[in-house]
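Structure record follows, encoded as structure tokens.
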Amino acid sequence: MSSAIVFTEYGGPEVLRLVAAEPPAPAEGQVRVRVRAAGLQPADSLLRSGRFRAFMPARFPQRLGNELAGVVDAVGPGVAEFQIGQEVLGPAAAPGAHADHALADATQLVTKPSGLAWSEAGALSASGQTAATCLYDLGVEEGDTVLIHGAAGGVGSMAVQIAVAQGARVVGTASERNHQFLRDIGAVPVRYGPGLAERVREAVELAGVAGARVDAAFDTAGTDDALAASVELVTDVTRIGTVAAGADVERYGIRRMSTRRSAGQLRELVELAEAGKLRVFVQRAFGLEQAREAYKELDGGHVRGKLVFLMS
Ligand SMILES: NC(=O)c1ccc[n+]([C@@H]2O[C@H](COP(=O)([O-])OP(=O)(O)OC[C@H]3O[C@@H](n4cnc5c(N)ncnc54)[C@H](OP(=O)(O)O)[C@@H]3O)[C@@H](O)[C@H]2O)c1
């Protein structure tokens with residue numbers, strides 16, 4: 001038997017239950033993974049609360065969790081890439097990674113390097129691939145100055161590090177308790193809230209950028225402060241984008257961005273991690289039996305880096 005977090009009605013973290021279930025059987029092209037670690041994302045909360053209902057209705061009993069790392073323990077028909085016993089990481093085939101066993105499409109997985117901790121490997125793929133896709137689509141390259149809103153969060157902290165690795169200069173927004181963290185990962189920290197554009201301008205000037213130029217803005221916070229400052233600072237509106245669920249893109253005429261996932265892109269992120277240029281900062285690891293506590297912390301909206309379920 002296996003355990004899985006499920007919910008059978010929409011609501012807060014209190015609707016979550018840990019239930020015993022048969023391990024799922026892999027279909028064509030899939031493997032089953034004995035999950036060792038699985039990250040949490042705001043999208044998991046949106047599905048659980050019903051806010052995703054129009055876009056992705058729950059199928060009760062609904063499972064959660066889109067990213068994982070673990071050991072392949074069953075292989076479906078037509079899978080040549082992986083064998084039982086291999087350590088892998090990547091996206092789950094459908095929400096369900098917050099469980100002892102989950103299914104994944106073999107073409108989306110990559111081998112987990114032995115030097116990467118389980119907790120980091122299980123929380124890398126979703127936020128990492130979102131950050132990488134968005135920076136690419138915003139044309140971020142060496143020499144650019146990039147403003148990243150929500151820079152201490154899951155997507156933001158990975159976006160900062162990827163942009164820095166690409167040779168960009170990064171200004172990141174966060175509350176003051178996260179400013180040293182942002183410096184540590186290579187960003188110039190700026191406090192969010194009213195007056196943001198002026199503070200960013202000062203920070204960019206202090207960093208010695210001619211004309212206090214900001215070339216692109218990537219938003220993960222979705223607030224009016226963040227979006228208004230972005231359009232004030234970045235001349236080319238096509239280089240402003242957001243992934244934040246609540247962002248009013250019509251009002252500001254900016255891009256709503258989405259994720260593309262591929263094993264090739266994930267392998268590049270794993271290589272960055274192996275080279276010490278991309279860390280997955282795990283604020284806290286939980287057991288599956290602590291699901292309600294974990295989701296309560298996620299819903300608070302102030303996670304530094306990532307939260308993760310860690311199984312033995
Ligand atoms: N995770 C993914 O893979 C993914 C994929 C697609 C879309 N998205 C969307 O992207 C958004 C961010 O996701 P995430 O996983 O990065 O979330 P997250 O990790 O939960 O974000 C938490 C961070 O947000 C910061 N924050 C809170 N209020 C802020 C504000 N007003 N201005 C700037 N920063 C603020 C917090 O910093 P302080 O504590 O310093 O305030 C905290 O570090 C969500 O809307 C999510 O649905 C995420």
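Minimum interatomic distance between Ala104 and Pro91 (heavy atoms only, all atoms of both residues): CB-O, 3.6 Å. Closest approach of Arg304 and Gln283 over heavy atoms only: N-OE1, 2.7 Å. Closest heavy-atom contact between Ala97 and Val35: O-CG1, 3.7 Å. When every heavy atom of Gly172 is checked against every heavy atom of Ala151, the shortest pair comes out as CA-CB, 3.6 Å. Of all heavy-atom pairs spanning Ala187 and Val160, the tightest one is CB-CG1, 3.7 Å. For the residue pair Arg63 and Pro95, the shortest heavy atom distance occurs at O-CB, 3.5 Å.
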Exercise for the section: Evaluate the criterion side chain to side chain contact (heavy atoms under 4.5 Å, CB included) for residue pair Lys112 and Trp118; output intermediate values, then yes/no. Expected result: CA-CA 9 Å; Lys112 182 189 97 61; Trp118 282 114; 3.5 Å; yes
Problem - side chain to side chain contact (heavy atoms under 4.5 Å, CB included) between Leu266 and Leu89, worked out - result: CA-CA 9 Å; Leu266 186 53; Leu89 69 102; 3.9 Å; yes
Practice task
Evaluate the criterion side chain to side chain contact (heavy atoms under 4.5 Å, CB included) for residue pair His101 and Arg34; output intermediate values, then yes/no.
Solution key: CA-CA 5 Å; His101 296 88; Arg34 172 75 170 92; 3.4 Å; yes
Practice task
Could you walk me through whether Leu124 and Leu278 pass the side chain to side chain contact (heavy atoms under 4.5 Å, CB included) test, one step at a time?
Solution key: CA-CA 10 Å; Leu124 171 65; Leu278 177 62; 3.8 Å; yes
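Linking Ile, Leu, Val, Met, Phe, Trp and Tyr residues whenever their side-chain heavy atoms come within less than 4.5 Å leaves Val234 and Val170 in two separate clusters. Under a hydrophobic-cluster definition in which Ile, Leu, Val, Met, Phe, Trp and Tyr are linked whenever side-chain heavy atoms come within less than 4.5 Å, directly or via other members, Ile148 and Leu269 are assigned to the same cluster. Note on Val155 and Val280: same hydrophobic cluster, where clusters join Ile, Leu, Val, Met, Phe, Trp and Tyr whose side-chain heavy atoms are under 4.5 Å apart, directly or indirectly. In the hydrophobic cluster analysis, where Ile, Leu, Val, Met, Phe, Trp and Tyr join through side-chain heavy atoms closer than 4.5 angstrom, Val110 is grouped apart from Val88. Both Phe82 and Ile84 are members of a single hydrophobic cluster when ILVMFWY side chains are connected at heavy-atom separations under 4.5 Å.
A distance of 10.5 Å separates CZ in Phe52 from OG in Ser45, rounded to the nearest 0.5 Å. Separating the CZ atom in Arg279 from the CD atom in Glu120 is a distance of 5.0 Å, to the nearest 0.5 Å. In this structure, the separation between CD on Gln290 and NZ on Lys296 is 13.0 Å, given to the nearest 0.5 Å. Atom CD of residue Glu202 and atom CZ of residue Arg199 lie 8.5 Å apart, to the nearest 0.5 angstrom. Atom OG of Ser125 and atom CE of Met158 lie 8.5 Å apart (nearest 0.5 Å). Taken to the nearest 0.5 Å, the CG atom of Asp100 stands 11.0 Å off from the CZ atom of Arg32.
Other residues sharing a hydrophobic cluster with Leu103 under the 4.5 Å side-chain heavy-atom criterion for ILVMFWY residues do not exist; the residue is a singleton. Under a 4.5 Å side-chain heavy-atom cut-off, the cluster of Ile, Leu, Val, Met, Phe, Trp and Tyr residues that includes Leu206 has no other member.
Side chains of Val303 and Phe281 form no contact here, defined as non-hydrogen atoms less than 4.5 Å apart. The side-chain heavy atoms of Leu109 and Glu81, taken from C-beta on, include no pair separated by under 4.5 Å. Val140 has its side chain out of reach of Ile162: every pair of non-hydrogen atoms, C-beta onward, lies at least 4.5 Å apart. Taking the side chain as every heavy atom from C-beta outward, Arg48 and Leu298 never approach each other to under 4.5 Å. Counting heavy atoms from C-beta outward, Phe55 and Leu46 have side chains that stay 4.5 Å or more apart. Annotation: side chain of Tyr136 is in contact with side chain of Arg260 (closest heavy-atom distance under 4.5 Å). Looking only at side-chain heavy atoms (C-beta outward), Ile240 and Leu233 stay at 4.5 Å or farther from each other. Two residues are said to be in side-chain contact when any heavy atoms from C-beta on lie closer than 4.5 Å; Leu40 and Glu297 fail this criterion.
Here the side chain of Asp144 pairs no donor or acceptor atom with the backbone of Ala168 at under 3.5 angstrom. With hydrogens and angles ignored, the 3.5 Å screen pairs no side-chain donor or acceptor of Arg255 with any backbone N or O of Val237. In this structure, the side chain of Arg256 engages the main chain of Ala247 through a donor-acceptor pair within 3.5 Å. Of the possible donor and acceptor atoms, one in the side chain of Gln86 sits under 3.5 Å from a partner among the backbone N and O of Gln83. Of the possible donor and acceptor atoms, none in the side chain of His98 sits under 3.5 Å from a partner among the backbone N and O of Leu288. His302 places no side-chain N or O within 3.5 Å of a backbone atom of Gly153 that could act as its donor or acceptor partner.
Between Tyr295 and Phe309, the two ring planes are tilted [angle within 30° to 60°].
Judged purely by distance below 3.5 Å, without hydrogens or angles, the side chains of Gln129 and Glu67 never pair a donor atom with an acceptor atom.
Environment of CZ in Arg177: crowded, with over 12 heavy atoms of neighbouring residues, nucleotides or ligands closer than 6.0 Å. Sparse packing is recorded around CZ of Arg51, with 12 or fewer heavy atoms of other residues, nucleotides or ligands lying under 6.0 Å away.
By the side-chain hydrogen bond (donor to acceptor under 3.5 Å, both in side chains) test, Arg183 is found to be paired with Gln180, residues two or more places apart in sequence or in another chain being considered. Qualifying side-chain hydrogen bond (donor to acceptor under 3.5 Å, both in side chains) partners for Gln41, counting only residues two or more places apart in sequence or in other chains: Asn66.
Tested against Met257, the residues Thr133, Thr130, Leu138, Leu135 include a single side-chain contact (heavy atoms from CB on, under 4.5 Å) partner, Leu138.
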For residues 214-232, which side-chain donor-acceptor pairs fall under 3.5 Å, sequence neighbours excluded?
{"residue": "Asp215", "atom": "OD1", "partner": "Arg213", "partner atom": "NE", "Å": "2.7"}
{"residue": "Asp215", "atom": "OD2", "partner": "Thr145", "partner atom": "N", "Å": "2.7"}
{"residue": "Asp215", "atom": "OD2", "partner": "Arg213", "partner atom": "NE", "Å": "3.4"}
{"residue": "Asp215", "atom": "OD2", "partner": "Arg213", "partner atom": "NH2", "Å": "3.0"}
{"residue": "Asp219", "atom": "OD1", "partner": "Ala221", "partner atom": "N", "Å": "2.9"}
{"residue": "Asp219", "atom": "OD1", "partner": "Gly222", "partner atom": "N", "Å": "3.1"}
{"residue": "Asp219", "atom": "OD2", "partner": "Gly222", "partner atom": "N", "Å": "2.9"}
{"residue": "Asp219", "atom": "OD2", "partner": "Thr242", "partner atom": "OG1", "Å": "2.6"}
{"residue": "Thr220", "atom": "OG1", "partner": "His149", "partner atom": "O", "Å": "2.7"}
{"residue": "Thr220", "atom": "OG1", "partner": "Gly150", "partner atom": "O", "Å": "3.4"}
{"residue": "Thr223", "atom": "OG1", "partner": "Ala226", "partner atom": "N", "Å": "3.2"}
{"residue": "Asp224", "atom": "OD1", "partner": "Tyr252", "partner atom": "OH", "Å": "3.1"}
{"residue": "Asp224", "atom": "OD2", "partner": "Arg251", "partner atom": "NH1", "Å": "3.4"}
{"residue": "Ser230", "atom": "OG", "partner": "His149", "partner atom": "NE2", "Å": "2.8"}
{"residue": "Ser230", "atom": "OG", "partner": "Ala226", "partner atom": "O", "Å": "2.7"}
{"residue": "Glu232", "atom": "OE2", "partner": "Arg201", "partner atom": "NH2", "Å": "3.1"}

Using distance only, find each side-chain donor-acceptor pair of residues 7-24 under 3.5 Å and give its atom names and separation, not counting sequence neighbours.
{"residue": "Tyr10", "atom": "OH", "partner": "Ala58", "partner atom": "N", "Å": "2.9"}
{"residue": "Glu14", "atom": "OE2", "partner": "Gly12", "partner atom": "N", "Å": "3.3"}

